[in-house]
Amino acid sequence: MNIQLHNTATRRKEVLAPLDPSNVRMYVCGPTVYDRAHLGNARPVLVFDTLFRLLRHVYGENAVTYVRNFTDVDDKINATALARKEAGAPGTLEELVAERSDETIDWYHADMDSLGALRPTHAPRATAFITQMVNMISDLIDRDFAYARNGHVLFRVRNYDDYGKLSGRSVDDMIAGARVEVAPYKEDPMDFVLWKPSDDDLPGWDSPWGRGRPGWHIECSAMAYDLLGAQFDIHGGGNDLQFPHHENEIAQSKCCGHDFANIWMHNEMLQVEGKKMSKSLGNFFTVRDLLDQGVPGEVIRFVMLSTHYRKPMDWTEKKRAEADATLRKWRNLVLEPQDADPDPEFLNALMNDLNTPAALARLHEMASTIAASKRSENPHLENAFVASAKLLGLLDQNAKMGGWAMQSEVEDALLHEFAVALTNRRLAAMKSKDFGPVDAMKSALIDAGVEVRMSKEGVELVPGTDFDAAKLEALK
């Protein structure tokens, strides 16, 4: 079973050939933990969670090491902590920084759990790897790829001939087209910071260059080397990180003698109703905002996976409603599935550069076939359908998908209430021979998207694809 992935570094699709099939290794750049994760932050999480699931299926659950970091040393975190201190919060600034990081990391885990994302094998915090960063920076200085000046340490970009290869730009083009910081401690405007000084009020660590803190780029290089080794299989992240972050990671690591990642993968960005998400446009919201509005995490996941990861993803209200209806329908298709292997055609789609839209299209085909046949007429197809959906992180009854559990309990209680009421009307009609009230309630239920099944055994109400709980509530 060959998985093919588009490698940004070579600009072509390649067969994944793990360095060690018993330990497939993947690193994905995680969040800077200064606030809630917005919807765009969820896209790389779900893209690489899907790849993680596929790798575990192909190579074995214990044969994949997935690292996704937390950047918990950053000026934005410092600013938030400083604002709290100025507002009278007790504790030192360092304690308030740690408190803010702990808080946002807990939020992040809870929100991503609600989307059905598996926890990575390792979720390192940058502040736990300062020693490894200092050692790496010292090595770069010894190799003449970095220099110390005025409490700063900077990387000599022009000493690395392949700089710009990942993003496809020359150093001179980058200087001409970008806002590059010019500082008196820089030999060249393109040189980037590996270490910078901290004053007494800011978090800092002792180093050969004075008390300070690491630059952003060195963090991932050091954590990847410590947890995955000098060479590993896949490095992923959003395409906004391709330059300068990933370009700088490659430069640092290669200049330390590390082969680093074999395949680079980048997901495209997210839009909302065809526009870039921004606070100024009023279309900016977090994952928690959607969950609190009652949008199930599984619905968010479905919408995200409906677009190929290398294409811009547009979140729309129409897509949300369609995903909600589809998942309701699918959840009612198979009552008690048995363990089975995923569908081969579905698997082929996923192994072709993580083609989740094609995989979902195959699930739609399977669902239509199942719906057109009598229940349990084709148990093998039903079981393969559920196994395939679960591989995408969908229809997992054991997962705590934000919104579904609470929503389902309320809806089940509502449907039960109306099933009892319709049963009573039916029993009364059998005596009076006046079935008008039964027909009226049945019509109202159908109008609310409820499938009404009446038999000798009793009344069963099943939510359909256009089920509207608000309409049902209004009938009470």
A.B. asks: Side chains of Ile130 and Pro214: does their closest heavy-atom pair fall under 4.5 Å?
C.D. replies: yes

A.B. asks: Report yes if the side chains of Thr10 and Ile263 come closer than 4.5 Å at any heavy-atom pair, otherwise no.
C.D. replies: no

A.B. asks: Are Asp353 and Lys13 within salt-bridge range, i.e. N to O under 4.0 Å?
C.D. replies: no

A.B. asks: Decide ring-ring contact (aromatic ring centres under 6.0 Å, His included) for His266 and His246; before the verdict, give the C-alpha distance in whole Å, the side-chain angles of both, and the deciding distance to 0.1 Å.
C.D. replies: CA-CA 10 Å; His266 293 91; His246 290 165; 5.0 Å; yes

A.B. asks: Please confirm whether Arg56 makes a cation-pi placement over Tyr59, using NZ or CZ under 6.0 Å from the six-membered ring centre and within 45° of the ring normal.
C.D. replies: no

A.B. asks: Can you see which heavy atom on Met269 is nearest to which on Arg43, and at what distance?
C.D. replies: O-NH1, 3.5 Å

A.B. asks: Kindly write out the residues that satisfy side chain to side chain donor-acceptor pair (under 3.5 Å) with Thr127, not counting sequence neighbours, or none if the list is empty.
C.D. replies: Asp72

A.B. asks: Salt bridge (Lys or Arg N to Asp or Glu O under 4.0 Å) for Asp206 and Arg211? Distances and angles first, verdict last.
C.D. replies: CA-CA 4 Å; Asp206 292 333; Arg211 185 174 182 276; 5.3 Å; no

A.B. asks: With a 4.5 Å cut-off on side-chain heavy atoms, are Leu360 and Leu305 touching?
C.D. replies: yes

A.B. asks: Evaluate whether atom CG of Asp161 has more than 12 neighbouring non-hydrogen atoms of other residues, nucleotides or ligands under 6.0 angstrom away.
C.D. replies: no

A.B. asks: Would Leu391 and Leu350 count as a side-chain contact (heavy atoms from CB on, under 4.5 Å) here? Give the steps.
C.D. replies: CA-CA 10 Å; Leu391 186 52; Leu350 274 192; 4.1 Å; yes

A.B. asks: Walk me through whether Phe52 and Thr121 qualify under side-chain contact (heavy atoms from CB on, under 4.5 Å).
C.D. replies: CA-CA 10 Å; Phe52 183 37; Thr121 316; 4.2 Å; yes

A.B. asks: If the test is ring pair (Phe, Tyr, Trp, His ring centres under 6.0 Å), which one of Tyr225, Phe260, Tyr66, Trp264 qualifies with Phe232?
C.D. replies: Phe260

A.B. asks: Is there a donor-acceptor contact under 3.5 Å from the side chain of Asn383 to the main chain of Ala340?
C.D. replies: no

A.B. asks: Cut-off 3.5 Å, no hydrogens considered: what does the side-chain donor-acceptor table look like for residues 141-157, sequence neighbours left out?
C.D. replies:
from	atom 1	to	atom 2	distance (Å)
Arg143	NE	Asp139	OD1	3.0
Arg143	NE	Asp139	OD2	3.4
Arg143	NH2	Cys256	O	3.3
Asp144	OD1	Arg156	NH1	3.0
Tyr147	OH	Glu187	N	2.7
Tyr147	OH	Asp191	OD2	2.7
Arg149	NH2	Glu187	OE2	3.4
His152	ND1	Asn150	O	3.1
Arg156	NE	Glu187	OE1	2.8
Arg156	NH1	Ala146	O	3.4
Arg156	NH2	Glu187	OE2	2.8

A.B. asks: Go through the steps for His38 and Phe284 under the test ring-ring contact (aromatic ring centres under 6.0 Å, His included), then give the verdict.
C.D. replies: CA-CA 8 Å; His38 60 69; Phe284 180 94; 5.5 Å; yes

A.B. asks: Do Trp330 and Val386 touch side chain to side chain, with heavy atoms closer than 4.5 Å?
C.D. replies: no

A.B. asks: Are there more than 12 heavy atoms of other residues, nucleotides or ligands under 6.0 Å from atom CD of Glu317?
C.D. replies: yes

A.B. asks: What residues, two or more places apart in sequence or in another chain, satisfy side chain to side chain donor-acceptor pair (under 3.5 Å) together with Asn7?
C.D. replies: Glu14

A.B. asks: So, for Asn283 and Lys275, which heavy atoms are closest and what is the spacing to 0.1 Å?
C.D. replies: ND2-O, 3.9 Å

A.B. asks: Are any side-chain N or O atoms of Thr104 and backbone N or O atoms of Ser101, one a donor and one an acceptor, separated by less than 3.5 Å?
C.D. replies: yes

A.B. asks: Are any of the side-chain heavy atoms of Met313 and Met304 separated by less than 4.5 Å?
C.D. replies: yes

A.B. asks: Apply salt bridge (Lys or Arg N to Asp or Glu O under 4.0 Å) to Arg213 and Glu219, showing your working.
C.D. replies: CA-CA 10 Å; Arg213 58 196 192 279; Glu219 297 175 11; over 6 Å; no

A.B. asks: Spell out, as yes or no, whether a donor-acceptor pair under 3.5 Å connects the side chain of Asp324 to the backbone of Ala321.
C.D. replies: no

A.B. asks: Is there a donor-acceptor pair closer than 3.5 Å between any side-chain N or O of Thr369 and the backbone N or O of Glu365?
C.D. replies: yes

A.B. asks: So Met223 and Val67, do their side chains get closer than 4.5 Å, heavy atoms only?
C.D. replies: no

A.B. asks: Within the supplied structure, the quantity of interest is the number of heavy atoms (other residues, nucleotides, ligands) at a distance under 6.0 Å from Lys76 NZ; does it exceed 12?
C.D. replies: no

A.B. asks: Check whether any side-chain N or O of Asn248 sits under 3.5 Å from a backbone N or O of His217 as a donor-acceptor pair, and report yes or no.
C.D. replies: no

A.B. asks: For His109, give me all partners under ring pair (Phe, Tyr, Trp, His ring centres under 6.0 Å), at least two apart in sequence or on another chain.
C.D. replies: Phe70

A.B. asks: Please list, chain by chain and in numerical order, all residues satisfying side chain to side chain donor-acceptor pair (under 3.5 Å) with Asp102, sequence neighbours excluded.
C.D. replies: Arg125

A.B. asks: Spell out, as yes or no, whether a donor-acceptor pair under 3.5 Å connects the side chain of Asp199 to the backbone of Leu202.
C.D. replies: yes

A.B. asks: Mind jotting down which residue pairs meet the side chain to side chain donor-acceptor pair (under 3.5 Å) criterion with at least one end in residues 229-242? Sequence neighbours excluded, please.
C.D. replies: Gln231-Asn262, His235-Glu249, Asn239-Glu268

A.B. asks: Distance to the ring centre below 6.0 angstrom and angle to the axis at most 45 degrees; does that hold for Arg68 and Tyr27?
C.D. replies: no

